[in-house]
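Report on one structure; see the data block that follows.
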Amino acid sequence: MSAFAFAFPAVLTALVLLPAIWWLLRLTPPKPSSEVFPPFAILASILKREETPAQSPWWLTLLRMLMAAAVILAIADPVFNPRTSTLATGGPLVLVMDNSWAAATDWKQRVDTAAMLIDDAEGRDVPVSLVLTADRQHDAVPVDAMTARNRLAAAEPRPLPADRVAAIAALRTALDGTPPGTIAFITDGMASGENDETTAALQSLSPAEFRLIASDGAATVAMTSATNGADALTVTLTRLDGGPAHSLPLTAHDSHGRPIAAGTADFAAGATTATGRIAAPFELRNDFSRLTIDGLANAGGAYLLDDGFRRRRVAFLSGEVLDASQPLLSPLRYINSALSPYADMIEPGVADLSVAIPQLLEQNLSVLIMADIGRLPEGVQDEVKRWVEAGGMLIRFAGPRLAAAPADDPLVPVMLRKGERALGGALSWSEPQPLSAYPANSPFFGMRAPEGILIKRQVLAEPTPDLPERTWASLADGTPLVTTETLGSGRIVLFHVSAETSWSNLPLSGDFVEMLRRTVQLSRGGMANGGGQQAKGLPPYRLMTASGTLAAASGEAKPLTVADGAQKIATFDNPPGLYGTENGYVAHNLFPPAHQIRPLAIAEGASIRPEPLAAAQTFSLKPHLFTLAALLLLADCAIVLLMGGAFAAAARRLPKRGATAALALALAAGTLAGLPSEGRADDAKPGDEAILSRLDTTHLAYVVTGESEVDRVSERGLAGLTEFLTYRTTLEPGEPVGVDISRDELALYPIIYWPVSASADMPSSAAVSRIDAYMRNGGTVLFDTRDQFVSLDGNSTSPNTERLQAILANLDIPPLEPVPADHVLTKAFYLLSDFPGRYAGGPLWIEATLDRKEDPSRPVRTGDGVSPIMITGNDFAGAWAIDTNGMPLLPTVPPDDVQRDHAFRAGVNIMMYMLTGNYKADQVHVPALLERLGQ
């Protein structure tokens, strides 16, 4: 394909006429014959004769030649990046388009490529079937080019791998045996699954033409795992193109998105996997929240970290006297070997427990492990108990000392029997017991069934009704092996066997390492509230966008179940993101550890030659050449007038008519500006047209937060309320308007809905000042934190509420109170007792009414003006939001159509209150006034 061509090359033959045009322009007319008339001789010496040049100047002729050449070239229509339509017309054009995570980096280029193919189909009157492989739903029915173009404009990349099997199945159903003309597969170049048969499945549809369009794959890189080592963080990366050696910069961000550390990952030549390092101190690495590859804005270039990633600081103590000559008999050896790869281990500097334990607790511990320590020194036990109640984790191992300890020890999770139980041996009838399967409420649930582990001795727990709930592991005969109990904000865990091999062979097994690792990960804000919560499902908390950033969770994601502790590849139901709550969450990334991306497999024997994405759109020089010809024509006219003396004559008249010329110039400028000939009536400013267009009707407005999902729900919510107002009241508002509080005019709107989002940018002080001025001038701002569901437990403050507090700290707001039962808001249009939204139960806060002596005979309060501020957490926009078909976008909590109807009624009352003020309050006195006037 040539990079330059003419649409009508035959027109270029007109260029041969340029020499003829040159000759005509340079042609000199014949010299006229002269007859001498004597009386004219005197006049000839007095009058200056006008002389006509024999021929035009060469530079003027060249200018006219260039003008003619520009016109001829413009008619020939020269085009850069010309395209030749090769679509087959025997059937519809089928566009199979990967909108996976890897397509986010060059998404616009992919859309441009698809748009060109749709343009070709429109020119040949061919229907188009568009299928996006990373979408949950597929509509593969062929449609006209305009509909396909609109669907393409609405498409967007997803932070997910492509699901081509479902897409091709929907395409096969939609075509119903009709062979397509051209199948254009715009792919991300990656294989989906172990046995990728995408190209073979598409060719089985019997297309007249098959085109494979893909990028070079150089930017297809993903992070698959991160390990917090002893001295650095290690990251594993995989890439699609095993080309030359390449180095990628890595950045670690904290929970606020700030970069706090950096490193690099180096791919060797021909390698598809690489390992990178980010060296940082232990405390700084524990603040890492997200890793990114610089310059790669997609879900593969970001890796989320949770509490399980952070290294714990673990201290361990033993009640036995250390014997350096026999280290294998020391319980601390097995504990240290099991946890040192995953935690920072601290040993006491002194043997005295009354000195060692306080020193260890001062070092910001996450876990304290005590192996066979029965009785703690006086005063230390209370100090350890306070530390556990404040959030620490105490792990204890049994032994002879613990078996002989008092039964009322508050630092054991269950009541213990005195002494120990021996299994096997000359004085025992029982045999050593194996372990049973781990229960579902245990953090060990999902581990493989224990094999080859035998318990020969243990301490026994007294039977209690709640003992099964406190048991994480047990023997085959049902006696507990690991028990637990929460104490304040912390937890106590007891292994009923010793930490060395005298009581069992558990410390020699891999299960011992995994059990300790999982137990330690429950400390300090991990998913510690219930052990087996991961098996029950974690709700979506923050989800990753296609660009690799985090946003509020959408309604499509489902709770995440990680019962076996192994991460799976991201799906439609569980996209990458954070699952849980703000008190603890689990990171679910795009790929599991050790995953490798592979190139797309091409069917064996298929003659498919991949095509690149469209480098640039077709660019025509025709308008530019016509513009050049017009400019040359204007220049020619000006030169002719200059040579004729027109400007010189005007210059001679300018001093006599200076004022008239200046006035004419001013009037001409006013006419060009579109104003009356009398001059400009006012000083127009940019944006005045938009302001004038919004003065004809009332518009509901919302604050644009910059988060696409939040702004979409706000816009659709106000659209739903607008539709409800139109059908139920005489008020017919216009389309909702999103406002930028930092620059848009706010006085046009009676009320502004502000969805508070902690993840959005904090408004500047200037923007907050504009909001303050807006409320002082009579406007009202409805703040909606949308967090009523978070406050159900009654003891937590959501990030959205904290952001609202930060905003209100810079505003001069009046005292607030929940809407009183007799307030005008409760009867402005509907009679309401509460103001629910998507959530119910939260109050609607308004300006408090001044304290005064109430008149018992008056049914409503007097002086009910319009409150400049309203605050709710019930998510009004979420309840009002509807789609283009009028169906609700989000469910109410709990699902209740009556609650949604009351939410709309609350919106109507708020609008009537905003537009009428205390008018409704005064109406109740009309009968009394009329009766008094009648007297």
Side-chain angles (χ1 to χ4, degrees), residues 98-112 134 156-162 186-192 214-227 233-254 257-278 288-305 309 542-551 569-570 575-578 587-600 612-613 708:
D98 283 339
N99 59 329
S100 61
W101 65 271
T105 52
D106 54 359
W107 179 247
K108 184 179 183 304
Q109 200 171 354
R110 295 172 182 272
V111 171
D112 292 342
E156 58 184 3
R158 307 285 185 184
L160 295 167
I186 305 176
T187 178
D188 56 18
M190 290 188 302
S192 57
S215 61
D216 57 5
T220 307
V221 183
M223 286 187 281
T224 57
S225 67
T227 303
L233 178 141
T234 304
V235 185
T236 303
L237 295 86
T238 177
R239 66 174 176 175
L240 183 64
D241 180 22
H246 187 47
S247 179
L248 292 174
L250 305 175
T251 301
H253 305 262
D254 62 7
R258 297 170 298 197
I260 56 177
T264 57
D266 298 319
F267 282 96
T272 57
T273 59
T275 301
R277 294 181 77 257
I278 300 179
F288 290 177
S289 179
R290 184 169 61 99
L291 309 176
T292 59
I293 302 174
D294 294 354
L296 197 62
N298 59 32
Y303 194 86
L304 302 177
L305 305 172
F309 157 82
R542 294 282 188 271
L543 297 181
M544 188 181 294
T545 64
S547 60
T549 59
L550 287 176
I569 195 169
L578 302 177
H588 181 54
N589 287 289
L590 182 65
F591 294 120
H595 181 88
Q596 291 189 23
I597 55 179
R598 298 179 293 108
L600 178 70
L613 296 173
S708 58

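Everything numeric here is computed off the predicted structure, so don't read it as measured data.
- In plain terms, the two heavy atoms of Ala546 and Pro157 that are nearest each other are CB-O, 3.4 Å.
- Put simply, the side chain of Arg239 gets close to the backbone of Ala271: a donor and an acceptor are under 3.5 Å apart.
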key: From CA spacing to verdict: side chain to side chain contact (heavy atoms under 4.5 Å, CB included), Leu304, Leu550   = CA-CA 9 Å; Leu304 302 177; Leu550 287 176; 3.9 Å; yes
From CA spacing to verdict: side chain to side chain donor-acceptor pair (under 3.5 Å), Ser289, Asp254 = CA-CA 5 Å; Ser289 179; Asp254 62 7; over 6 Å; no
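- At distances below 3.5 Å, not a single donor-acceptor pair connects side-chain atoms of Asp188 with backbone N or O atoms of Asp98.
- Rounded to the nearest 0.5 Å, atoms OG1 (Thr272) and CG (Asp241) are 10.0 Å apart.
- Minimum heavy-atom separation, Ala252 to Leu291: CB-CD2, 3.7 Å.
- In terms of heavy-atom proximity, Pro576 sits nearest to Leu590 at CB-N, 3.9 Å.
- Phe591 contributes atom CZ, which lies 8.0 Å from atom OG1 of Thr238 (distance to the nearest 0.5 angstrom).
- When every heavy atom of Ala226 is checked against every heavy atom of Leu305, the shortest pair comes out as CB-CD2, 4.0 Å.
- In this structure, the separation between CG on Asn298 and CH2 on Trp101 is 5.5 Å, given to the nearest 0.5 Å.
- One N or O on the side chain of Asn99 and one on the backbone of Ala134 form a donor-acceptor pair closer than 3.5 Å.
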query = After noting the C-alpha distance and the side-chain angles of Thr251 and Asp294, does the key distance pass the side chain to side chain donor-acceptor pair (under 3.5 Å) rule?
reply = CA-CA 7 Å; Thr251 301; Asp294 294 354; 2.7 Å; yes
task = Evaluate side chain to side chain donor-acceptor pair (under 3.5 Å) for Thr292 paired with His253, printing each intermediate quantity in order.
result = CA-CA 8 Å; Thr292 59; His253 305 262; 2.9 Å; yes
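- The CE atom of Met223 lies 9.0 Å from the CZ atom of Arg290; values are rounded to the nearest 0.5 Å.
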query = Which is it for Thr224 and Asn589 under the side chain to side chain contact (heavy atoms under 4.5 Å, CB included) test, yes or no, and what are the steps along the way?
reply = CA-CA 8 Å; Thr224 57; Asn589 287 289; over 6 Å; no
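- The shortest non-hydrogen separation linking Arg110 to Ser215 is NH2-OG, 3.5 Å.
- Of all heavy-atom pairs spanning Tyr303 and Ser225, the tightest one is OH-CA, 3.4 Å.
- At a threshold of 4.5 Å between non-hydrogen side-chain atoms, the residues Thr545 and Pro159 do not count as touching.
- The CG atom of Leu237 lies 12.0 Å from the CD atom of Gln596; values are rounded to the nearest 0.5 Å.
- Taking CG from Leu250 and CG from Leu233, the interatomic distance works out to 9.0 Å, rounded to the nearest 0.5 Å.
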